[in-house]
Amino acid sequence: MRYRALGLAVLVGALAVVPLVAGNYPVKLLQEILIWGIFAMSLDLLMGYAGMVSFGHSAFFGIGAYVAALALTKAPGLLAALVLPAAAAALGALVIGYFSIRVSGVYFIMLTLAFSQMFYAVAFQNAFLGAEDGITGIPRPSVLGLDIGTPARFHLYLLVLVAFAAIFLWRVARSPFGHVLRGIHENEARMQAVGYPVKRYKLLAFVLAGTMAGIAGSLYAQFQGSVSPDAFFWTTSGEALLMVIIGGTGTLGGAFLGAATFILLQSLVSSYTERWMLILGLTFVLLVLFAPGGIVGTMRGRVGLRS
């Protein structure tokens, strides 16, 4: 535990000085990785630990992004930037999860997908939400009276929040609650037979994952300065799903690593060819064929890496 904490502190410290030694583009790429890393980790809590594969996780990402966009234009403070988006995403996850956890397998996947597409349709057609153009000109919040509009301050603000979110998810995954989720994933009927309220645990996991996804969406809206209905679209969930699979399901660090790999590959390949999606697809196929456990799973098998 001590070595993990020391390693995290060193990593955060190293990432904090990146704006001092790198240009604008690498810093923006790193910030995008940090935000998508949290989104991928929130999906991995749902998918890798509780065994619920969701194609509608973008619903909570979009809720967080749109609530932050609307609130920050009225009062650019931490309440608008974090509290309201997290609360809205949690409420949305509670309602959607209440219905979704009653089914499993492909039915769960399709039901969560349907909910996310409903949000997409509302955002796309509603003029109050900017319709297909979305909302632009989103200001960044002030923290303790300090304006974080400057790149260096925003980077530190983002890094601190992402570090706390990652620690929170890690503690949840390794708590007794997280072990129960693993048990439900392995054998739901047996966990129910020994007396665990399985539906309650699954709903709580759904709400926690949705809340963290909402925070990621809020941070993304602040990072971009705009938000569009694409935040709700199923492809947003699909990208997060690819990140989790690339890194390794059931390993939060793997989800973060998968997010970094996906975004870096996308950035690198798209700068050389317009057919970057084809190359990314082939890369994903090769990973599934030759590293079905993801990057972290493969490293575990070859060098004895522990999560």
Side-chain angles (χ1 to χ4, degrees), residues 1-12 14-15 30-54 57-58 60-61 64 86 89-90 93 158-186 201-202 204-217 219-220 236-237 239-264 287 291-301 303-307:
M1 178 70 71
R2 187 185 309 166
Y3 294 110
R4 287 180 184 271
L6 180 61
L8 178 62
V10 171
L11 177 61
V12 171
L15 294 177
L30 172 59
Q31 292 174 353
E32 190 172 1
I33 289 171
L34 291 171
I35 296 170
W36 277 93
I38 291 301
F39 186 41
M41 290 174 72
S42 70
L43 179 59
D44 192 34
L45 179 68
L46 198 63
M47 174 180 160
Y49 288 84
M52 295 184 282
V53 180
S54 172
H57 208 53
S58 57
F60 317 118
F61 186 85
L158 180 62
L159 190 58
V160 169
L161 290 178
V162 169
F164 275 112
I167 292 170
F168 172 76
L169 287 170
W170 185 83
R171 293 297 297 269
V172 168
R174 277 151 183 78
S175 67
F177 172 76
H179 289 295
V180 173
L181 291 183
R182 283 188 178 273
I184 293 172
H185 187 187
E186 295 295 328
Y201 275 93
K202 290 172 72 173
L204 181 55
F206 200 93
V207 171
L208 286 175
T211 303
M212 299 310 297
I215 292 174
L219 293 175
Y220 194 72
T236 302
S237 296
E239 288 181 0
L241 188 65
L242 286 177
M243 292 172 184
V244 173
I245 295 173
I246 289 170
T249 57
T251 61
L252 294 175
F256 212 109
L257 183 60
T261 302
F262 183 91
I263 291 173
L264 288 173
L287 278 170
I295 297 172
V296 171
T298 302
M299 292 172 68
R300 277 179 179 171
V303 299
L305 180 71
R306 296 176 62 188
S307 62

Distance-only donor-acceptor pairs under 3.5 Å for side chains of residues 30-40, two or more places apart:
{"residue": "Q31", "atom": "NE2", "partner": "H155", "partner atom": "ND1", "Å": "3.3"}

If the condition is side-chain contact (heavy atoms from CB on, under 4.5 Å), which residues does [X] pass it with, not counting sequence neighbours?
| X | answer |
| --- | --- |
| V53 | M47, I109, L241 |
| A173 | Y49, L252 |
| L208 | L45, F168, V172, F177, L204 |

Do you know which two heavy atoms are closest between [X] and [Y], and how far apart they sit?
| X | Y | answer |
| --- | --- | --- |
| A209 | S42 | CB-O, 3.3 Å |
| I215 | A86 | CG1-CB, 3.9 Å |
| A255 | D44 | CB-CB, 4.0 Å |
| S54 | L46 | CB-CD2, 3.9 Å |
| R182 | G250 | NH2-O, 3.2 Å |
| R174 | H179 | O-NE2, 3.7 Å |

Rounded to the nearest 0.5 Å, how far apart are NE2 of H57 and CE of M212?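 Nearest 0.5 Å value for the NE2-CE distance: 9.5 Å.
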Tell me every residue that passes side chain to side chain donor-acceptor pair (under 3.5 Å) with S58, counting only those two or more places apart in sequence or in another chain.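 Partners of S58 by the side chain to side chain donor-acceptor pair (under 3.5 Å) criterion, ordered by chain and then number, come out as S237.
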For L257, is there any backbone N or O sitting under 3.5 Å from a side-chain donor or acceptor partner on T261?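 Side chain of T261 to backbone of L257, a donor-acceptor pair under 3.5 Å: yes, one is there.
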Tell me, please, which residues at least two apart from F256 pass ring-ring contact (aromatic ring centres under 6.0 Å, His included).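 In terms of ring-ring contact (aromatic ring centres under 6.0 Å, His included), with neighbours along the sequence ignored, F256 is linked to no residue.
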